[in-house]
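Shown next, in structure tokens, is the structure this report addresses.
Residues take their numbers from the sequence shown, with the count starting at 1. The model shown is predicted, which means the values in this text are computed figures rather than measured ones. Each ligand, and each atom within it, is numbered from 1 in the order the structure gives.
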Amino acid sequence: MNLEQITVGEFHQRCKAQGVSGRMHVALKCPVCGTVQSLTSLDRAGVPAGKQEHYIGFSCVGRFTNAGPWKKDEPPGRGCDWTLGGLFRIHKLEVITADGEKHPTFEIATAEEAQALERLHEATRAPG
Ligand SMILES: [Zn+2]
């Protein structure tokens, strides 16, 4: 298994490279179910604003929609109950902070994936 370690600066650089309209649309990808998700996804799933930053890239959005475990061969999108805090460590990306702490995180989605998710969220925005 390949584990990539990047600095916080590099992480932000890659998020910026997604070309989305703002931080609410920066997208990460669950390593189990492959579902692309952003702070907006968590927001729509009912995660309180103060908690969204805590869960993004760490706990799959499916945990907040009661998606349950991912089923093999299921297409991504529904989410699953995965969190990186569990017993099995399968993440492929770690962000290293200035003080040397390692933070496992979901992989950063591609620009296409992130922009597609933002368009989807824009298209399904609640009226008003
Ligand atoms: Zn998932």
Side-chain angles (χ1 to χ4, degrees):
M1 183 181 89
N2 279 345
L3 177 65
E4 191 183 11
Q5 296 183 317
I6 60 175
T7 62
V8 175
E10 170 73 21
F11 183 80
H12 286 150
Q13 207 75 52
R14 291 193 196 178
C15 291
K16 220 175 149 190
Q18 288 184 337
V20 292
S21 68
R23 55 182 279 286
M24 284 302 286
H25 295 291
V26 166
L28 300 153
K29 210 154 94 172
C30 174
V32 172
C33 68
T35 298
V36 179
Q37 49 200 282
S38 64
L39 288 171
T40 304
S41 308
L42 295 179
D43 193 57
R44 298 277 172 92
V47 179
K51 291 274 184 192
Q52 293 165 7
E53 293 273 2
H54 176 72
Y55 289 122
I56 189 71
F58 193 82
S59 292
C60 186
V61 65
R63 283 178 81 84
F64 310 102
T65 57
N66 295 316
W70 181 71
K71 296 176 193 72
K72 199 178 178 307
D73 301 327
E74 186 182 7
R78 200 174 57 93
C80 70
D81 64 357
W82 189 257
T83 177
L84 292 180
L87 181 61
F88 298 101
R89 303 179 72 85
I90 62 159
H91 60 280
K92 296 184 182 128
L93 183 66
E94 276 179 0
V95 178
I96 317 280
T97 60
D99 53 10
E101 249 188 89
K102 294 171 189 170
H103 294 273
T105 185
F106 288 5
E107 284 171 272
I108 301 164
T110 66
E112 290 76 35
E113 289 167 338
Q115 288 169 26
L117 183 67
E118 179 173 359
R119 281 195 300 273
L120 180 75
H121 281 147
E122 287 299 316
T124 55
R125 193 206 294 266

E122 and R119 ion-paired at < 4.0 Å: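 A salt bridge is absent here (no side-chain N lies under 4.0 Å from a carboxylate O).
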
Applying ring pair (Phe, Tyr, Trp, His ring centres under 6.0 Å) as the test, list every pair that has at least one member in residues 13-58; sequence neighbours left out.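 Output for this query lists Y55-F64.
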
Provide the tally of protein N/O/S atoms nearer than 2.8 Å to the Zn ion (ligand 1).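 Count of protein N, O, S atoms less than 2.8 Å from the Zn ion (ligand 1): 4.
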
Which residues satisfy the side chain to side chain contact (heavy atoms under 4.5 Å, CB included) test with A109, sequence neighbours excluded?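 Counting only residues at least two positions away or on another chain, A109 forms a side chain to side chain contact (heavy atoms under 4.5 Å, CB included) with Q18, A27, V36, E113.
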
Considering residues at least two apart in sequence or located in another chain, which fulfil the side chain to side chain contact (heavy atoms under 4.5 Å, CB included) criterion with H12?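 By the side chain to side chain contact (heavy atoms under 4.5 Å, CB included) rule, H12 matches V8.
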
Are P31 and W82 side-chain neighbours, meaning at least one heavy-atom pair lies under 4.5 Å?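 Yes - at least one pair of side-chain heavy atoms lies under 4.5 Å apart.
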
Contact check, side chains of I96 and I6, non-hydrogen atoms, under 4.5 Å: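 Of all side-chain heavy-atom pairs linking I6 with I96, none is under 4.5 Å.
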
